[in-house]
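Scroll down for the structure; my scribbles are underneath it.
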Amino acid sequence: KANVDLTQYQKQGDGSTAKLKKRLLEAHRAAVQFYHLCLSRKPEALAYIKEKRNFTPDTIRTWQLGYSPDDGKSLHTFLKKRGFSEVELSKAGLITKRRDGWGDMFRGRIMIPLSDGQGNVVGFTARILKDDKDAPKYFNTPQTLVYDKGRQVFGLHHAKEAIRKQDAAVLVEGNLDVIASHQAGIANVVAAAGTAMTTDHLRSLSRLTLNVRLAFDSDQAGLKATERAIPIAQTVGVDLKVISFPEGIKDPDELIQSDPEAWRKQIEKADDATTWTHKQYQRHHDKSPAEAKRQL
């Protein structure tokens with residue numbers, strides 16, 4: 001009822017599950033250090049983060065951003081030398097079996113660590129560095145013993161104090177939107193796993209505040225996800241408001257790049273769910289007298 005995952009405290013049989021969880025967390029901790037070091041040695045990746053995303057060195061260190069080499073073997077070799085087995089690394093979602101044997105799960109991507117509420121890294125979101133229409137722009141660590149996409153709230157360990165202090169949480173779609181918001185001084189911002197918001201995401205936030213502001217992207221997928229979120233919020237019992245973007249702005253990161261203060265103002269102007277829904281129907285279904293006359 002309190003949405004506390006008791007499995008992390010339970011030992012099964014000889015305690016093997018608890019021991020395995022500990023090993024998976026240790027593997028992720030080492031992977032973060034490896035990817036972070038690789039970022040400093042990849043000028044192209046560093047330029048993307050610093051110049052295109054405008055992230056400062058402090059932000060890069062705070063969020064432990066990294067880069068996965070595109071050779072497909074580097075992380076596997078690094079972690080094997082540190083005593084991790086293929087079984088452990090596979091269960092952690094860090095390596096996968098390919099035609100030529102075991103290889104890294106992520107290659108040639110910007111690496112964004114995913115942490116639990118206590119700050120333990122449990123997985124990664126990986127953004128492709130060179131856009132390729134045949135490859136997904138983003139993909140996450142698969143479901144593991146320590147990572148559950150349906151429960152993961154990105155940035156919660158950094159945001160929880162600000163959420164408590166302001167008695168409000170801002171839930172966005174993208175992990176990089178969260179990082180940009182925090183860099184701009186708006187620290188009560190977190191993200192779900194893309195648009196796949198669940199009751200567990202909202203229950204995690206409800207332990208800190210019952211006031212949630214939703215700011216999914218302004219494209220069709222984001223709008224549909226916002227509509228789906230409204231009944232979920234009612235089920236959980238949180239007060240949901242929806243943040244809209246100015247014309248031509250897709251997401252928080254775009255707005256922050258042009259004017260960080262404008263992002264703060266949009267948060268303050270959030271509409272309650274009923275008002276937002278009414279505005280959406282007006283925008284898409286109301287017709288001017290001239291349009292109505294043309295259709296007669």
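Note that the coordinates shown come from a computational prediction; the quantities given were computed from them, not determined experimentally.
Minimum interatomic distance between Leu202 and Ala233 (heavy atoms only, all atoms of both residues): CD1-CA, 3.6 Å. A pairwise comparison of heavy atoms in Glu44 and Lys130 identifies OE2-CE, 3.2 Å as the closest pair. Closest approach of Thr209 and Ala169 over heavy atoms only: CG2-N, 3.8 Å.
Side-chain N or O atoms of Gln183 include one that pairs as donor or acceptor with a backbone N or O of Thr56 at under 3.5 Å. Here the side chain of Thr226 pairs a donor or acceptor atom with the backbone of Gly222 at under 3.5 angstrom. Between the side chain of Arg109 and the backbone N or O of Ala126, at least one donor-acceptor pair lies under 3.5 Å. The closest donor-acceptor contact from the side chain of Asp104 to the backbone of His76 lies under 3.5 Å. Formation of a donor-acceptor pair under 3.5 Å by the Asp239 side chain with backbone atoms of Leu210 is not found in this model. Using a distance-only test at 3.5 Å, with no hydrogens or angles considered, a donor-acceptor pair links the side chain of Thr235 to the main chain of Pro231. A distance-only check finds a donor-acceptor pair linking the side chain of Thr277 to the backbone of Ala273 [under 3.5 Å]. Of the possible donor and acceptor atoms, none in the side chain of Ser90 sits under 3.5 Å from a partner among the backbone N and O of Val87.
Using a 4.0 Å cut-off between charged side-chain N and carboxylate O, Asp253 and Arg53 make a salt bridge. Under a 4.0 Å N-O distance rule, the pair Glu86/Lys80 qualifies as a salt bridge. Under a 4.0 Å N-O distance rule, the pair Glu161/Arg164 qualifies as a salt bridge. A salt bridge does not link Lys224 to Glu227: none of the charged nitrogens lies less than 4.0 Å from a carboxylate oxygen. A salt bridge between Glu261 and Arg264 is present, with a side-chain N of the basic residue lying under 4.0 Å from a carboxylate O of the acidic one. Using a 4.0 Å cut-off between charged nitrogen and carboxylate oxygen, Lys241 and Asp271 do not count as a salt-bridge pair. For Asp58 and Arg61, the salt-bridge test passes: some basic side-chain N is under 4.0 Å from an acidic carboxylate O.
Within the 4.5 Å cutoff, the side chain of Ile243 has no heavy atoms near those of the Leu214 side chain. Residues Val238 and Leu205 have side chains not in contact (no heavy-atom distance under 4.5 Å, counting atoms from C-beta outward). Using a 4.5 Å heavy-atom threshold, the side chains of Val242 and Thr275 count as separate. Asp116 places none of its side-chain heavy atoms less than 4.5 Å from the side chain of His157. Looking at heavy atoms from C-beta onward, Thr198 lies out of side-chain contact with Ile232 at the 4.5 angstrom threshold. At least one side-chain heavy atom of Arg151 sits under 4.5 Å from a side-chain heavy atom of Asp200. Taking 4.5 Å as the limit, some side-chain heavy atom of Trp276 sits within range of a side-chain heavy atom of Leu223. By the 4.5 Å heavy-atom criterion applied to side chains, Trp263 and Val170 are counted as neighbours.
Aromatic ring centres of Tyr35 and Phe124: separated by under 6.0 Å.
Residues Ile128 and Met111 fall into different hydrophobic clusters, defined by Ile, Leu, Val, Met, Phe, Trp and Tyr side chains chained together at heavy-atom separations under 4.5 Å. By the criterion of side-chain heavy atoms lying less than 4.5 angstrom apart, applied directly or through intervening Ile, Leu, Val, Met, Phe, Trp or Tyr residues, Phe106 is grouped together with Phe84 in one hydrophobic cluster. Under a hydrophobic-cluster definition in which Ile, Leu, Val, Met, Phe, Trp and Tyr are linked whenever side-chain heavy atoms come within less than 4.5 Å, directly or via other members, Val121 and Leu156 are assigned to different clusters. Cluster annotation: Phe139 and Phe154 are assigned to distinct hydrophobic clusters (Ile/Leu/Val/Met/Phe/Trp/Tyr, side-chain heavy-atom contacts under 4.5 Å, transitive).
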Next item on the list: Would you check, one step at a time, whether the test side-chain hydrogen bond (donor to acceptor under 3.5 Å, both in side chains) holds for Lys269 with Gln266?
Entry: CA-CA 5 Å; Lys269 294 193 300 183; Gln266 292 303 121; 3.3 Å; yes
Next item on the list: Test Thr96 against Trp102 for side-chain hydrogen bond (donor to acceptor under 3.5 Å, both in side chains), laying out the working first.
Entry: CA-CA 6 Å; Thr96 187; Trp102 290 104; over 6 Å; no
Note to self: For His201 and Ser204: C-alpha separation, side-chain torsions, deciding distance, then whether side-chain hydrogen bond (donor to acceptor under 3.5 Å, both in side chains) applies.
What the structure shows: CA-CA 5 Å; His201 291 137; Ser204 294; over 6 Å; no
Check: Taking it one step at a time, do His158 and Thr62 satisfy side chain to side chain contact (heavy atoms under 4.5 Å, CB included)?
Finding: CA-CA 9 Å; His158 286 303; Thr62 297; 3.7 Å; yes
Next item on the list: Any chance you could lay out the side-chain hydrogen bond (donor to acceptor under 3.5 Å, both in side chains) test for Tyr48 and Arg127, step after step, and finish with the verdict?
Entry: CA-CA 11 Å; Tyr48 171 83; Arg127 192 213 188 274; 2.9 Å; yes
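In this structure, the separation between CG on Leu24 and OG1 on Thr144 is 6.5 Å, given to the nearest 0.5 Å. Note: Glu173 CD to Lys250 NZ = 7.5 Å, rounded to the nearest 0.5 Å. Here Tyr67 contributes atom OH and Leu37 contributes atom CG; the two are 13.5 Å apart, rounded to the nearest 0.5 Å. Interatomic distance, Ile60 CD1 to Leu65 CG, rounded to the nearest 0.5 Å: 6.5 Å. Interatomic distance, OG of Ser85 versus CD1 of Ile95, reported as 8.0 Å (0.5 Å rounding). To the nearest 0.5 Å, atoms NZ (Lys160) and CG (Leu208) are separated by 8.0 Å.
For the side-chain contact (heavy atoms from CB on, under 4.5 Å) criterion with Trp63, the lone passing option out of Asn175, Ile112, Val178, Leu176 is Val178.
Checking Ser74 against Thr77 by side-chain atom types alone, no donor-acceptor pair falls below 3.5 Å.
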